[in-house]
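Beneath this line is the structure, given in structure tokens, with notes to follow.
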Amino acid sequence: MRLPVQLLLGALLFGLFLAAALLSLVWTPHAVTQLDIAAKLALPGHGHPLGTDHLGRDMVSMLMAGARTSIAVALLAVGIGIALGVPLGLTAAARRGSLLDEIIMRGNDLIFAFPSLVIAILITAVFGPSAVNAILAIGIFNVPVFARVARGAALTIWPREFILAARVAGKGRARISAEHILPNIASLLVVQGTIQFSMGILAEAGLSYVGLGAQPPTPSWGRMLADAQTFIYANPRLAVLPGLAIVLTVLGLNLMGDGLRDFLDPRLRRAVR
Amino acid sequence: MLRYAATRLISLTLSLVAASLVIFAVVEVIPGDPAAYMLGLNAAPEAVAALREDLGLSGGLVERYLTWAGGMLTGDFGTSYTYRVPVADLVAARLWISLPLALYALALSTLLALPVGMLAAARRGRVTDYGIMGFTQLGIAVPNFWFAMLLVVLLAITYPIFPAGGFPGWDAGILPALRALTLPAVALALPQASILARVMRSALIETLSQDYIRTARAKGLTEGQAIRNHGMRNALIPVLTIIGLQFSFLLAGAIIIEKVFFLPGLGLLIFQGITQRDLVVVESVVMLLVFAVILVTFLVDLAYALVDPRLRHAR
């Protein structure tokens with residue numbers, strides 16, 4: 001079967017930034033904590049392919065390390081959402097109509113009703129700004145998303161005959177959920193994961209822009225934008241580059257999500273067109 | 001309709017109670033004493049004790065919650081520790097920036113997205129459609145505060161059409177005030193318009209494939225007439241949902257955009273509250289924003305019932 005163009009393009013874009021982030025774990029052209037005030041605001045060239053920032057740090061290195069922060073925060077936030085949300089959703093589906101189902105779903109509605117950014121701000125304000133608290137704040141809002149997707153998808157699998165066979169064989173609800181339901185809804189979860197991943201990148205950028213994300217000296221795209229704002233007239237390059245990095249990463253993930261959905265569920269392809 | 005409204009109202013009340021409990025709990029779980037937290041490390045024990053009394057922290061958990069929540073109901077949001085004025089006054093002054101900003105952005109987003117989404121649906125599968133969809137894909141990926149910075153460079157610095165930041169106040173006249181809010185509103189509206197246009201397009205395409213549209217076409221209506229007479233109301237349901245959700249994004253998003261444009265709105269108030277550890281302000285403003293969002297959800301639910309009579313009789 002042919003892979004959708006969107007999937008390839010998205011994977012290429014995101015792969016580029018993922019590779020940069022992974023590479024930054026072991027190597028960056030210059031150290032990101034190394035200040036070189038004499039070379040501040042240098043134009044591209046002379047060992048700095050994208051120039052330097054207001055503290056003389058190499059932009060390529062900063063962008064690479066920023067990719068690491070953004071991707072790590074968003075990925076862990078998606079991890080929280082999956083780790084808590086999927087079991088909740090599966091449990092709700094396995095006990096459909098029970099009090100437990102009702103409690104889980106109403107709890108979900110409640111979290112959905114909160115403006116996520118405002119609560120993220122409240123959490124980071126109370127517990128102090130840090131990358132870990134940003135992960136928690138973004139992750140909490142991923143929980144109801146995955147719970148809802150998992151429950152909805154699981155409900156369509158439960159009436160199938162192979163589930164009935166498993167029940168006849170004496171398997172309990174928890175075991176059926178883990179062994180038979182989960183593999184059948186995994187593709188939907190992957191698609192949703194990609195979407196939440198891209199939203200996580202945007203949320204992290206927003207939080208670190210207002211100073212509530214990763215703290216200096218850890219580079220992050222949002223903080224680079226906040227720093228660049230002061231120099232935006234004389235040095236728009238400082239603001240344009242991290243912004244482009246965010247846009248391309250998010251675009252890559254969104255294209256990947258759309259492409260994956262088309263690829264994994266051909267029925268949707270017709271509906272989308 | 002009345003019964004439907006009543007059940008939604010009960011659910012609204014329950015959501016508000018739950019939300020206030022959550023916010024109260026988050027602030028309560030701060031390790032140690034909020035009064036000590038607010039005054040910092042070098043505070044004298046007497047000052048902390050006095051502030052505890054001031055904040056009403058001396059009572060038990062339940063008593064404190066009831067005082068806070070009860071105060072909110074009567075419009076008493078407590079007293080800001082740093083400003084020494086009632087939080088309600090601080091909020092009231094700033095609400096007149098944040099609320100118009102969110103509404104302005106919502107209006108821009110809706111006015112832009114609906115026709116564009118309809119156009120894409122009408123030309124589905126053709127170049128126009130692909131162009132619009134590609135553009136919205138980009139719009140979704142752009143962080144609004146970055147777009148705001150680019151707008152400032154282009155339309156405030158290079159071509160000084162709009163102010164780069166600040167707010168003259170509504171006393172300066174409606175036009176200057178709106179001018180100051182235009183770039184922030186555009187920055188807020190672009191990503192939301194992209195999402196809305198996509199929703200509008202797929203809702204309309206979905207509707208167009210329904211049997212009743214085929215019937216309408218078969219009896220001689222043009223596609224435009226079929227959409228206007230039969231398709232629009234049905235397609236509007238998902239669109240209304242998204243518009244309601246967007247208001248909450250816009251209010252929250254306004255917090256960050258206000259920082260880009262130095263607008264003295266609720267966002268700035270929250271950030272000042274955070275840096276000055278003025279928990280009363282943070283707690284109250286957050287509760288107010290949550291209230292606004294839940295209220296809008298309630299209104300959207302009522303709007304559904306007006307658009308779709310079937311929902312009035314559902315549970």
Side-chain angles (χ1 to χ4, degrees), chain A residues 6 10 13 106-107 109-129 195 198-199 201-207 209-212 221-222 225-226 228-229 232-233 236 239-240 242-255 258 270-273, chain B residues 11 14-16 18-19 22-23 26-27 29-31 34 37 124-125 129 137-138 140-147 149-150 152-153 157-158 164 191 202 205-206 209 245 247-253 255-256 259-260 267 270-271 273-275 277 279 282-283 285-286 289-290 292-294 297:
Chain A
Q6 295 184 55
L13 268 178
R106 291 293 81 78
D109 290 347
L110 179 68
I111 301 182
F112 259 130
F114 280 80
S116 49
L117 185 70
V118 176
I119 302 303
I121 286 171
L122 179 70
I123 290 173
T124 42
V126 167
F127 297 102
I195 297 169
S198 80
M199 291 172 71
I201 300 262
L202 282 175
E204 192 276 335
L207 282 178
Y209 171 74
V210 294
L212 295 175
W221 290 338
L225 283 175
Q229 207 178 345
I232 196 159
Y233 185 49
V240 169
L244 271 183
I246 298 171
V247 172
L248 293 177
T249 310
V250 173
L251 188 65
L253 280 166
N254 285 343
L255 287 174
D258 286 0
R270 208 167 40 91
V272 173
R273 290 273 154 84
Chain B
S11 131
L14 287 178
S15 305
L16 281 178
V22 171
I23 292 170
V26 169
V27 175
V29 294
I30 292 178
Y37 172 86
R124 61 192 173 280
D129 181 28
Q137 190 69 268
L138 200 64
I140 293 171
V142 172
N144 55 17
F145 58 93
W146 181 61
F147 184 52
M149 288 161 75
L150 298 183
V152 168
V153 171
I157 297 175
T158 315
S202 49
I205 290 177
E206 169 77 30
S209 68
L245 277 177
F247 182 74
S248 99
F249 280 112
L250 289 172
L251 255 187
I255 293 178
I256 290 187
K259 202 174 152 72
V260 181
I270 287 192
F271 289 120
I274 289 172
T275 39
R277 302 182 160 215
L279 287 177
V282 177
E283 195 178 35
V285 176
V286 168
L289 286 174
V290 171
V293 168
I294 293 177
T297 315

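Chain A is the first sequence line, chain B the second, and so forth, proteins listed ahead of strands; every chain is numbered from 1. Because the structure is predicted, anything quoted here is derived from the model rather than measured. Reckoned from all heavy atoms, side chains included, excluding hydrogens, waters and symmetry mates.
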- Message: If the condition is side-chain contact (heavy atoms from CB on, under 4.5 Å), which residues does A:Ile195 pass it with, not counting sequence neighbours?
- Response: A:Val191, A:Gln192, A:Met199
- Item | Top of A:Val210, A:Leu202, A:Val250, A:Leu251 for chain B proximity - count of heavy-atom pairs under 4.5 angstrom | A:Val210
- Portion of A:Leu244 that has a non-hydrogen atom of chain B nearer than 4.5 angstrom: both
- Message: Quick one: does any side-chain atom of A:Gln229 pair with a main-chain N or O of B:Met149 as donor and acceptor, under 3.5 Å?
- Response: no
- Query: So do B:Leu14 and A:Arg106 actually touch side chain to side chain, heavy atoms under 4.5 Å?
  - Reply: no
- Query: Among A:Asn254, A:Ile246, A:Leu255, A:Ile232, who wins on heavy-atom pairs under 4.5 Å with chain B?
  - Reply: A:Ile232
- Message: Contact between A:Val240 and B:Val153 at the side-chain level, heavy atoms closer than 4.5 Å - yes or no?
- Response: no
- Just jot down the side-chain contact (heavy atoms from CB on, under 4.5 Å) partners of B:Ala18, sequence neighbours excluded, or say none. A:Leu110
- For B:Val260, is it the side chain, the backbone, both, or neither that has a heavy atom closer than 4.5 Å to a heavy atom of chain A? both
- Can you tell which part of B:Ile270 gets under 4.5 Å to a heavy atom of chain A, answering side chain, backbone, both or neither? side chain
- Message: What part of B:Ile255 gets within 4.5 angstrom of chain A, counting heavy atoms only: side chain, backbone, both, or neither?
- Response: side chain
